[in-house]
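Residues: numbered from 1 along the sequence shown. Hydrogens, waters and symmetry mates are skipped; everything else that's a heavy atom, side chains included, is used.
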Amino acid sequence: MTKKDSISNYADAEADEKQPLRVAVDSVSETSSIKSTKGYSTISGLQDEFAGLSDHDAEILRKQVHVPSVTASFFRLFRYADKKDKIILFFGVAASVLEGLMRPLMSVVFGAATQQFTDLPAGAMTDMINGYLFNNNSTHMAYNDTTTGYNETSYNSTFGNYTTEYGYQYDPNQFISDISLLALFLALIGLAVSILTFIKSYIFIDRAEVLAARIREQYLAATLRQNIGYFDKLGSGEITTRIASDTVLVQDAMSEKVSYVISHGTTFLAAVVVAYTQSALLSSIIIGSVIMIILVSYFGSMAITKYAERSQEGYSVGGSLAEEAISSVRNVQAFGVQDRMAQAYDKFLEISEKWSTKAGYAAGLQAGLTFMFAFSIDSLAYWQGTRLLTEGRVTVAIMMTVIMTLFQGAFAFTIISPYLSNISTGLAASTKIFATIDRESPIDSSSEEGGRLAEVKGDIELRNVRFIYPSRPNVTVLRDFSLKIPAGKTVALVGASGSGKSTIVGLIERFYNPLSGEVLLDGHNILDLNTRWLRQKVALVSQEPSLFACSIFENICYGLIGTPYENAAEVEKRELVIEACKQANAWDFIQDLPDGLETNVGERGFLMSGGQKQRIAIARAIVANPRILLLDEATSALDTKSEGIVQEALDRAAKNRTTIVIAHRLSTIKDADLIVVMRTGTILEQGTHDELLAKKGEYYGLVQAQSIEALKENPSESDESDDGEQVLDEKAGIPLTKYSTTLTKVRTSKSTSSAIFYKEVEAKKPASIMEVLAMLFKIGRADLTAMLVGLYSGGITGVAFIGIGVIYGFALQYLQEYSSPDDYERLKQALYPIAGFLFMHGGILLISSTTGGCMFSYSSSRLVRRIRTLSFRHLLRQDIAYFDADSHSVGALTASLANDAQSIEALGGATTNKLVEAMVVFVGGFIFCVIVGFKLGLVMFGTVPIILIIGGFRFKFLAEYVEQTKEGNDKSSTYACEATSAIRTVLSLTREEEIVERYRTNLQTLIKGNRMANFKSAFLDGFARGMQYFIMALGFWYGGILVARGEYTLFQFFLIFVIVVFGSENTTTVFTFAPEMGKALSAGRSIKTLLESVPEIDAWSPEGDVIPADEVNGEIEFRDVHFRYPTRPEVPVLKGLNLTVKKGQFVALVGSSGCGKSTTIGLIESFYRPQRGTVFLDGRDVSTLNVAAYRSNIALVQQEPVLYAGSIKYNVALGSPHPVSDEEIETACKQANIHNFIMSLPEAYDTLCGTKGTLLSGGQKQRIAIARALIRQPKVLLLDEATSALDSESEKIVQAALDEAAKGRTTIAVAHRLSTIQNADVIYVFENGKILESGTHQQLLANRGKYFDLVQLQALEKN
C-alpha cells in the first residue's frame, strides 16, 4: 500500500477501498453478471480465481460455488402448477380468449351501424325536420352491386314517409329500431365481457398467489439445501430481497396481467381473421403495419427483460449491504458511519437506476412505435380503402369493419405494452430465483443418498486432509492434516486464530468438502454417508450462538429434530428440555422470567444477554444426548461462575460421547483427554494438560499468557454455593413484584418507553393520498423538468386521441356526403388528406408517447433511488429502541426497503403515461364533446364517471387490503430472512424441512385470507370492463335518435362517439393498475411515516452542546442510574447504579451474565437514556450533549465483532470519522496484532472479508474490530468482551496493545476472562444491576468476596 492510495474521500472508495461487495458491483456491469468458466456459471467475481489450481482442485472448489445460468421463460413461471391448477388456468385462459373475441365482434356491429348511417344521402337532415333515411333493414352485404338509387315500397310510420332527391324512400322509425337492435347487441357483448373479465381476473389473481407461494417455498427450500460455500459470498439480505421483492414481481407476471395479454392478443388475432374474411385485399395491404407491431412488442419485451434483470441484480446486492448495516445498527451508530453506509448503498442503487432507466426507455419507445404503426393501419386503410370503395370492391361497412377490427387489434397491442413491461420485469426477477432452485448443491442435506450406520460409536479420524475455502482459493488452510479422535474421548483444539480449528468442525459437520484426504466416522468416509443423518448425530455449539425468534422451549426442542423424541408428547419433551436447561446452568434464570420456558427470545435472540443465549444454545445441543458434540468456543460468552458450572455440565455430558472442543480460555479444557496445539493448518504438539505443561513448549507459553497474578489461595476453601443468587436478565422479563423499587416519572423529558409508545400511536393515523403525493413530489422535484416534459407529452398523446375523434367524424361525414358514384372523385380528394392526417397522428404519437414514457421512467427510476437512499438513511438514524420493537425486525425492514420503493416505481413510466393520457382524454374530451354536441356529450360522458367511481372504489379497497396483509407478508419475510441469516445453525440442526413447512403454513394462511379480497377486486374489474360496452350501446341508441330527429349531423355523432369510446377504454385501462396503486399508496404511507420519524436520541440533530475534542478528558460517572429496556418496561435492569471512571483509568466490569454490564456500555454509548439518574462525561449530562459529537470521542469493540463485506482496509478505515492514510491503517493493525496475518494473505489489505466477515475466523474478525476502534483515537475506549474470541497468544499481545492504547485515554472493559483485566485500576463487580464490590485485583482478592470466587474458578494450576 502507498500513500497515494489513501482514503481521501468517498469518491475514491469504489476503486481504492473495495467498498462493500465490490466483487458484486463489478459483476453488475455492462455485460452479464453470470460469467462462464469451463462450462460453469460462477458466483460473480469467482470466475478467474481457480486459475492457479490443479484441475482436480479447481473442479471441487468450483462445484461448491457454481450457479447455473437460467434464461427467462414465461412458461417456466408455471412450473409448479399441478393438474388442478392447470384445469383452473385453462378456464381462465378460455375466459380471456372469449373476452378478447368480444372486441372484434363489437367492430362488426360498429361496421354495420356505420353502414346504417352512411348509406343515407347527405342533406337529409337539413331537408327533413324529423327522421333519417332508411335502408329497408337489409344487411350491409346487400349493397355490393348497388351503383344507382332505387325505390322501395314505402312504410307507414309515425314520422311519415319521405322521398329524397335521389328517389330513396325511408322510415325513420325503422331506422331507430335497427340502431336500437345493434345497441342491444353491444349491451349483450358488454354483459358477456363483465362476466368473462370477472372469471379470468379472479382465476389469474388467485392462481398467481398460489403459484408464487410455491415458488417462494421452493426458493427457500433450495436456499436451505445449498452448501455453505454458496453463502460465503451471498448475503442473507440478497435472499430476503429475492423472497420479499422479486417473488412479488414474479407473482405480478402470472396474475391478471397475463389474462389481459391473452385477451388483447386474442383481440389482435381475431381482428386479423375478421378483417381477412371481410376483405382479403384491403387486409393484405394493411397487414405490414400489423407485423411491425408484433416485432416491436417482441424486441421491446426482450430489451425490457434484459435491462430489468440487470437492475434487480444491482439492487439485490445492495439489499445485502442494507441487511448487514441494519442487523449491526449498534455498530453503525457507535462509529457514526451512517453516511458512509448510505453512500455505499447508493452505489448499488446507481447501478439499479441506470438499468431501470434503460428498461423504461425501451418501454417508452415500444409504446411510441406501437402507436405509430397502429395509426399507419388507419392511414393505409383510408388511402387504399377509398380506392377499393370507388372501384366497387368493398362497401362502407366492409371498409369500416376492416379499419375498426385491425385498429382494435393494433390498439390492443398498445394497451398490452405496460402489461408486457410488468411481465418482462417478473421474468427478469425469476432468473435468479430459478437459478438457485435449479442449482444442484454438492453437499445436499435434502438428498436421501448416502449410507446410514446402524450404530454410531463416535470414532472420528481426519486422514491426510488438505483443505482450501472455495471463497479464498489462494490460501491453503489444512495441509496433509491427520488426527485421530477415539470414541467417547474429549479432544481440545487450541492455537492461534486462523490455524484451522473451526475448519475441522466445518469438515466434520460436512459444511465443506476436502480437496484430498478423508474424514472418517467409525471408519466410514463421511462423503459416503447421508448428510442429513450425519448432522443429526452431531451437535454443534458455535462461538456466536444463533437463536430463533420463538420461545426458549421451541429453541431447545429444535435440538430434538431427527431423534426418536422429535414427535414425542409435549410433556415428555418438556422434561427433556428442563433437564437440558439444568445441565447447561440455564434453568435458574429461565425460572425467573415471567413466562419461563415460553419467553420469546426475540429476533436472533436479542432479548437475551450473550451468556443466556450461549446457555440456551448449549441446552439445545445436549437435549438429544448426541454421540458427537462439537463445541466451538461454546463458553466464550459466559461469565466465570456460569462457565464453571456449564463446563462441569459439559464435562459430565462429554462422558461416553466424542467431544471436540475449540477453546481459547484454557481453563475450560485442562481436563481434556487430548489437547492438540495447532498453527497454520498443522499440529505442533499434542498430549494432556500436564504432559504439555511438562514439555514447556507452545502450550506452556499459552498457559503462561493466561495466568492470573498472585493466585495463591486454595480453590476448595472458597464457598462455591449459589447462595440463592438470582441472575438478572438484562433484557428478558422478570416479574416486577419481586422488586420494591418504584420508578418516578422524570419531568425533564419523556421516558424512552413512553416516547416509543407515542411514536407508534402517531404512526397509526394513515396519511391521505394528497399527503403521500405531496411527499413524493417533494422528494422528486429535482426532476421536475423531466416530469413536466412527461406530463406535456402525455397531454399531447391525450389530445391526439381527441383529434382522432375529429378525423373519424370528418371521414364518416365525407363517406355519407359523397356516397354517390358521381361524387367518388370528390370522395378521394376528401379522404386522401384524412389518410395523411392519420399518418401524421401516428408520427406525433410516436414522439409524444416515447418522450412521455422515457421521461416518466427516468424520473421514477431516480425517485426510487432517492426513496431507498432516504429510507436507508432514516432507518440508520433511528435510535436503538426503534430496532428493539418486534415489528422492526431486520427481515421486515430489509423487505420494506426493497418493496416500498418498488411499489412506487410500479406507478412510473408506462403507467403514469397512461394515467396522464386518460385524464386528458377524459377532461379534454368531455369539454370538446359538450361544445360539439351538448346532449349526446353529456349523456355519454355522464356514464364514464361510473367507471371512475368503480375504479376509485377498487383502488381504495385494495389500498386498505394491502395495509392489512402487510403484517403477514413482513412476518413471512422475516421468518425466511432469519433462517438464511443463521444458515450454519439451521443446517447443523437439520431444521430445513421444519422451516419450509412452517413457511408454507404462513403462506397458506395469507392466501386463504386474500381470497375474498381477490373476489371483490375481480368483480369490480369485470363491472368496469363491461361499462365500456354499455356506454357504446347507450351512445348508438341515443345518438341514433338524435340523428333521426335531425338534431345532430353524422360528423357530430361520430366525433363524440369515438372520443367517448377512447376515453372509457383509457379510463378502464388505468384502473387495471388499481392493485399497483393500492400498493403504492400503502408504500407511500410507510415511507412518509419513516421519513417523519424523529428519534429521541438523534445523531443527525445539530442540537446539544459540543465539547471541543482537545478538551474531552474522558471522565465517566453513573449517578443513581435506573434503566429498563423500552420493549420490556416491566423489567428493571439497572437499579440505582453508581460508578465513577477517572480520566485515563482502565476500569473493568465483571459479574454474572445479565447483571447489567453490557447495558452500562450501551448507556455510555448513548444508545438509550436512563429512566432515572444521570450519566456524565466530564461532569456534563450526556443527554445535553450533541449525540454525533459525543460519540466521536468513543470507540466500541463488541462481544460479537461486526465486519462488513468489503476489504480489510475498508473495514478498518470505517473506524475513523475522517479520511486516513494507509500508514495509519497499518499502524492500527499492528497495534491489534493483525498486520502480520493480513500481509500473509495474497491480497493483503485488499482481501475481502465476506458478508458479515464470514471469510475470517472469530479471532481475526475480533482483531480487525480492535484495529477499527484504535484508528479512531478515542478518548473513551469501550471493550465489551473484546478479547473473548482470541487465542491466548494473540490475546496476550492484543492485551499488551490495548494496555498501550489505553494510556492517556479512559478504558472500560467488560470481561469474563479475568487474566485480561487483572491490571485494571478499578474492577467493579456487578450483581442484580448494582455494584456489589469494587477495587483493584489485589484488594478484591483480599476481600475474599464474589471476585475471589470468580478467580478461583479460572485457576489453571494443578490442584
Side-chain angles (χ1 to χ4, degrees), residues 89-115 139-141 182 185-201 204 256-298 370 373-378 380-381 385 394 397-417 419-420 1022 1025-1026 1028-1029 1032-1033 1061-1062 1064-1065 1068-1069 1072:
L89 284 168
F90 172 78
F91 284 109
V93 170
S96 302
V97 169
L98 289 171
E99 196 263 332
L101 290 172
M102 295 297 122
R103 290 186 197 88
L105 196 59
M106 179 271 287
S107 297
V108 173
V109 175
F110 182 81
T114 307
Q115 185 78 60
T139 67
H140 58 269
M141 295 300 290
L182 292 172
F185 285 154
L186 282 174
L188 290 173
I189 290 171
L191 182 63
V193 165
S194 283
I195 294 167
L196 292 168
T197 300
F198 161 69
I199 293 169
K200 73 182 177 71
S201 288
F204 274 98
E256 77 272 29
K257 309 278 188 306
V258 178
S259 72
Y260 294 138
V261 170
I262 293 170
S263 65
H264 288 302
T266 304
T267 298
F268 175 77
L269 293 173
V272 173
V273 172
V274 169
Y276 266 91
T277 57
Q278 294 291 300
S279 172
L281 180 59
L282 182 57
S283 300
S284 297
I285 293 168
I286 299 170
I287 203 69
S289 291
V290 175
I291 292 167
M292 288 306 297
I293 289 172
I294 296 170
L295 292 175
V296 165
S297 292
Y298 175 74
T370 305
F373 289 119
F375 283 99
S376 297
I377 291 172
D378 267 19
L380 277 170
V394 297
I398 290 171
M399 178 176 151
M400 290 310 298
T401 301
V402 170
I403 290 173
M404 279 302 293
T405 49
L406 285 180
F407 186 78
Q408 275 279 353
F411 189 68
F413 253 91
T414 67
I415 290 172
I416 281 175
S417 60
Y419 303 138
L420 287 179
R1025 286 271 167 190
Q1028 295 175 68
Y1029 296 90
M1032 289 173 73
V1061 168
F1062 273 122
S1064 62
E1065 180 78 36
T1068 310
T1069 303
T1072 59

Asker: Which heavy-atom pair separates Ile262 from Val93 by the least distance, and what is that distance?
Answerer: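 Shortest heavy-atom separation between Ile262 and Val93 comes out as CD1-CG2, 4.0 Å.
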Asker: Give me the atom names and distance for the closest heavy-atom approach of Val394 to Met399.
Answerer: CG2-CB, 4.4 Å
Asker: Among Val402, Ile287, Ile286, exactly one meets side-chain contact (heavy atoms from CB on, under 4.5 Å) together with Ile377. Which residue is that?
Answerer: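 So, applying the side-chain contact (heavy atoms from CB on, under 4.5 Å) to Ile377 and each of Val402, Ile287, Ile286, only Ile286 qualifies.
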Asker: Supply the atom-to-atom distance Ser376 OG to Met292 CE, rounded to the nearest 0.5 angstrom.
Answerer: 9.5 Å
Asker: Could you measure the distance from the OH atom of Tyr276 to the CG atom of Leu282? Nearest 0.5 Å is fine.
Answerer: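 If I round to the nearest 0.5 Å, the distance is 10.0 Å.
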Asker: Just verifying a value: how many Å separate Thr370 OG1 and Leu295 CG, rounded to the nearest 0.5 Å?
Answerer: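 Separation between the atoms: 11.0 Å.
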Asker: Using distance only, find each side-chain donor-acceptor pair of residues 189-199 under 3.5 Å and give its atom names and separation, not counting sequence neighbours.
Answerer:
from, atom 1, to, atom 2, distance (Å)
Ser194, OG, Gly190, O, 3.4
Ser194, OG, Gly1022, O, 3.1
Thr197, OG1, Val193, O, 2.7

Asker: Tell me, do Ser201 and Tyr260 make a side-chain contact under 4.5 Å, heavy atoms counted?
Answerer: yes
Asker: For Thr267 and Gly100, indicate whether the former's side chain and the latter's backbone hold a donor-acceptor pair under 3.5 Å.
Answerer: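 Yes, the answer is positive, given that a donor and an acceptor are paired below the 3.5 Å cut-off.
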Asker: Restricting to non-hydrogen atoms, name the atom on Lys257 and the atom on Tyr419 that form the minimum distance, rounded to 0.1 Å.
Answerer: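 It is CD-CD2, 3.6 Å.
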Asker: Looking only at heavy atoms, which two atoms of Met106 and Leu186 are closest? And how far apart?
Answerer: CG-CD2, 3.4 Å
Asker: Contact between Leu188 and Tyr1029 at the side-chain level, heavy atoms closer than 4.5 Å - yes or no?
Answerer: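 Leu188 does not reach Tyr1029 side chain to side chain.
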Asker: Which heavy atom of Ser283 sits nearest to which heavy atom of Ala275, and what is that distance?
Answerer: OG-O, 2.8 Å
Asker: Shortest non-hydrogen contact from Gly92 to Lys200?
Answerer: O-CB, 3.7 Å
